[in-house]
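For reference, the structure is listed below as structure tokens.
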Amino acid sequence: GGSDVTVQNAYGDSALILAAYNGLEEACIKLVDQADVKALDSNGDTALLLAAGNGLEKACVRLLEQQADVNHINNSGFSALLSAATNGHGQVVTQMAAAGADVRHVSPEGSTALILAAAKGLGDACRALVQAKADVNAMDADGVSA
């Protein structure tokens, strides 16, 4: 028998979560079929949320195929879509939206993914969010919109 890829360390990190966190796309793809795609680390992150934040498009496809929760919110109030958007990964934003991600989810500070991506000047992510029907008129707690 091989190794048990569902084992988690003291921080809740499984092999899949560590691969996603470290941006190791091929490792994610190899692990996804045997791993628990719903496992959480100590920050409440899933492999999908971490892969999305790192722009791992192929890994995100495989995780979604294995029923990873596209709308899971971590301990910081971030979803996979919000993480992808704030890191400028427009193609992953499109993937998350197509999989049913909530484009209106707001960060704990009250900002939408579009507001955060626009504030950082992340054009690809902004275009992907607008195409996904994000509310271009939404305002954060300070009355700032995208």
Side-chain angles (χ1 to χ4, degrees), residues 1-135 138 140-142 146:
S3 300
D4 181 358
V5 299
T6 63
V7 171
Q8 293 177 271
N9 67 15
Y11 304 103
D13 301 326
S14 66
L16 178 60
I17 286 174
L18 287 170
Y21 175 82
N22 288 298
L24 304 173
E25 187 158 46
E26 292 305 317
C28 287
I29 292 166
K30 284 184 170 66
L31 291 165
V32 74
D33 289 328
Q34 303 114 38
D36 177 3
V37 298
K38 294 183 178 7
L40 306 177
D41 68 11
S42 59
N43 298 315
D45 289 322
T46 61
L48 180 63
L49 202 149
L50 295 168
N54 281 325
L56 307 181
E57 295 173 29
K58 293 176 189 151
C60 288
V61 168
R62 291 294 300 122
L63 286 159
L64 290 167
E65 287 172 352
Q66 293 298 318
Q67 309 305 309
D69 182 359
V70 73
N71 284 308
H72 172 77
I73 308 301
N74 70 7
N75 298 350
S76 301
F78 272 64
S79 65
L81 182 136
L82 205 57
S83 184
T86 58
N87 287 294
H89 302 300
Q91 187 57 42
V92 176
V93 168
T94 300
Q95 284 178 309
M96 296 302 116
D102 179 5
V103 297
R104 295 178 184 264
H105 173 73
V106 296
S107 71
E109 295 79 34
S111 297
T112 64
L114 184 57
I115 291 169
L116 293 172
K120 289 183 164 188
L122 302 171
D124 285 347
C126 290
R127 279 186 288 283
L129 287 160
V130 170
Q131 288 173 349
K133 307 286 190 254
D135 183 357
D140 67 10
D142 297 320

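Here the structure is a predicted model, which means the values were calculated and not measured. When a residue number appears, it is its place in the shown sequence, counting from 1.
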In chain order, what residues pass the side-chain hydrogen bond (donor to acceptor under 3.5 Å, both in side chains) check against S107, with sequence neighbours excluded?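 Only E109 meet the side-chain hydrogen bond (donor to acceptor under 3.5 Å, both in side chains) criterion with S107.
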
The criterion is side-chain hydrogen bond (donor to acceptor under 3.5 Å, both in side chains); which residues satisfy it with N74, sequence neighbours excluded?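 Counting only residues at least two positions away or on another chain, N74 forms a side-chain hydrogen bond (donor to acceptor under 3.5 Å, both in side chains) with D45.
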
Tell me the closest heavy-atom pair linking [X] and [Y], and the distance in Å.
X    : Y    : value
Q34  : K30  : NE2-O, 3.6 Å
S76  : P108 : O-CG, 2.9 Å
A117 : A85  : CB-O, 3.8 Å

Please enumerate all residues that pass side-chain contact (heavy atoms from CB on, under 4.5 Å) together with D140, with sequence neighbours excluded.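 For D140, the residues satisfying side-chain contact (heavy atoms from CB on, under 4.5 Å) (neighbours in sequence not counted) are S111, I115, D142, V144.
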
side-chain contact (heavy atoms from CB on, under 4.5 Å) partners of E25, counting only residues at least two apart: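 Counting only residues at least two positions away or on another chain, E25 forms a side-chain contact (heavy atoms from CB on, under 4.5 Å) with I29, L56, K58, A59.
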
Salt bridge (Lys or Arg N to Asp or Glu O under 4.0 Å) involving D33 - partner list, sequence neighbours excluded: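 Per chain and number, D33 pairs via salt bridge (Lys or Arg N to Asp or Glu O under 4.0 Å) with R62.
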
Can you name the salt bridge (Lys or Arg N to Asp or Glu O under 4.0 Å) partners of D124, sequence neighbours left out?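 Result, salt bridge (Lys or Arg N to Asp or Glu O under 4.0 Å) vs D124: R127.
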
Heavy-atom side-chain proximity of L50 to D41 below 4.5 angstrom: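 Side-chain contact under 4.5 Å: yes.
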
Looking at side-chain heavy atoms only, is the closest gap between N43 and Y11 below 4.5 Å?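 A side-chain contact under 4.5 Å is absent here.
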
So does K38 get a backbone contact from the side chain of H72, meaning a donor-acceptor N/O pair under 3.5 Å?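 Between the backbone of K38 and the side chain of H72 there is no qualifying donor-acceptor contact (under 3.5 Å).
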
Backbone N or O of T86 within a donor-acceptor pair of the K120 side chain at under 3.5 Å?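 Here the side-chain-to-backbone pair exists.
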
Residue pairs, two or more places apart or on separate chains, that pass salt bridge (Lys or Arg N to Asp or Glu O under 4.0 Å) and touch [range]:
range           : value
residues 69-96  : none
residues 84-100 : none
residues 95-108 : R104-D135

Side-chain donor-acceptor pairs under 3.5 Å in residues 15-23, sequence neighbours left out?
from: N22; atom 1: ND2; to: L18; atom 2: O; distance (Å): 2.9

Contacts table for residues 91-99: side-chain donor-acceptor under 3.5 angstrom, sequence neighbours left out:
from: T94; atom 1: OG1; to: G90; atom 2: O; distance (Å): 3.2
from: Q95; atom 1: NE2; to: E57; atom 2: O; distance (Å): 3.0

[X] [atom1] to [Y] [atom2] distance, which is reported to the nearest 0.5 Å:
X    : Y    : atom1 : atom2 : value
T112 : H105 : OG1   : NE2   : 10.5 Å
S79  : N71  : OG    : CG    : 7.0 Å
L82  : L114 : CG    : CG    : 11.0 Å
C60  : H89  : SG    : NE2   : 9.0 Å

Pick from V70, V103, L49: which one makes a side chain to side chain contact (heavy atoms under 4.5 Å, CB included) with L81?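 It is V103, the one option of V70, V103, L49 that forms the side chain to side chain contact (heavy atoms under 4.5 Å, CB included) with L81.
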
